[in-house]
Amino acid sequence: VRLLWNQQTNDESNYFIVERSPNGKNFEQIGLVKADEKNSGTFSIIDHEIKTGTNYYRVKLKTFSNRELAVGNVATINTDNDITGELLNK
């Protein structure tokens, strides 16, 4: 499944942490995406090990000062009918 999200970055932005959960409570890291300040806009990652059923995803922004900030909402993707997920900033 391909996950997409939009985010403005700045010189304090280091990288995004992408996490998956089978139940929406216990998340595990599935990847990192570089948050280049010149690359503001749409970011994406592919989850090659998606689990059967409903999967929950969230993204955090890690700053150079070691803070973690939530990006957007938790997204749910059901493998029975979804092929891409968008983690929208609302």
Side-chain angles (χ1 to χ4, degrees):
V1 66
R2 183 174 180 216
L3 304 164
L4 304 167
W5 67 97
N6 293 311
Q7 180 67 34
Q8 295 290 3
T9 57
N10 58 43
D11 59 354
E12 179 62 13
S13 304
N14 191 359
Y15 57 89
F16 295 101
I17 302 165
V18 182
E19 299 176 322
R20 177 185 59 228
S21 169
N23 57 18
K25 297 176 185 169
N26 303 315
F27 285 85
E28 67 179 357
Q29 180 178 307
I30 63 164
L32 302 175
V33 176
K34 179 83 173 120
D36 186 347
E37 69 179 275
K38 299 174 186 115
N39 239 356
S40 292
T42 302
F43 295 86
S44 68
I45 190 170
I46 295 176
D47 182 0
H48 294 284
E49 297 180 21
I50 189 168
K51 309 301 181 195
T52 301
T54 301
N55 293 267
Y56 299 84
Y57 292 91
R58 70 181 179 192
V59 175
K60 296 178 183 178
L61 174 65
K62 187 78 162 190
T63 67
F64 283 108
S65 59
N66 214 26
R67 294 185 325 157
E68 287 186 7
L69 309 170
V71 173
N73 299 312
V74 173
T76 58
I77 298 174
N78 188 308
T79 58
D80 295 333
N81 43 9
D82 292 333
I83 57 171
T84 65
E86 292 189 13
L87 302 170
L88 301 176
N89 300 350
K90 294 183 180 179

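Values in this document were obtained by computation on a predicted structure and should not be read as measured data. One-based numbering along the sequence shown. The figures that follow rest on heavy atoms only: side chains count, while hydrogens, waters and symmetry mates do not.
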Worksheet entry | Leu61 side chain near Ser13 side chain, heavy-atom distance below 4.5 Å | yes
Worksheet item: Does CD belonging to Glu68 count more than 12 external heavy atoms closer than 6.0 Å?
Response: yes
Fill in: Ser65: partners by side chain to side chain donor-acceptor pair (under 3.5 Å), with sequence neighbours left out
Glu12, Thr63
Worksheet entry | Counterpart residues, side chain to side chain donor-acceptor pair (under 3.5 Å), relative to Asn66 (two or more places apart) | Lys62
Worksheet entry | Ile30 side chain near Tyr57 side chain, heavy-atom distance below 4.5 Å | yes
Practice prompt. Evaluate the side-chain proximity of Asn55 to Val1: yes if any heavy-atom separation is below 4.5 Å, no if none is.
Written response: no
Worksheet item: Of all residues at least two apart in sequence or in a different chain, which pass the salt bridge (charged side-chain N to carboxylate O under 4.0 Å, His left out) check with Lys51?
Response: none
Worksheet item: So, do Phe16 and Thr9 sit near enough that their side-chain heavy atoms are less than 4.5 Å apart?
Response: yes
Worksheet item: Who are the ring pair (Phe, Tyr, Trp, His ring centres under 6.0 Å) partners of Phe27, not counting sequence neighbours?
Response: none
Item to complete: Considering non-hydrogen atoms only, spot the tightest contact between Asn26 and Asn23 and give its length.
Response: N-OD1, 3.0 Å
Worksheet item: Do the rings of Phe43 and Trp5 sit parallel, tilted or perpendicular, given the 30° and 60° boundaries?
Response: parallel
Item to complete: Enumerate the residue pairs fulfilling salt bridge (charged side-chain N to carboxylate O under 4.0 Å, His left out) with a member in residues 16-31, sequence neighbours excluded, ordered by first and then second residue.
Response: Glu19-Arg58, Glu19-Lys60, Arg20-Glu28, Arg20-Asp47
Fill in: Other ILVMFWY residues reachable from Ile46 by side-chain steps of under 4.5 Å
none
Worksheet item: Which heavy atom in Ser44 sits nearest to a heavy atom in Leu4, and how many Å separate them?
Response: CB-CD2, 3.3 Å
Item to complete: Could you list who else is in Tyr15's hydrophobic cluster, with ILVMFWY side chains joined at under 4.5 Å, directly or through other members?
Response: Ile17, Leu32
Worksheet entry | Side-chain donor-acceptor contact under 3.5 Å, Thr42 with Asn6 | yes
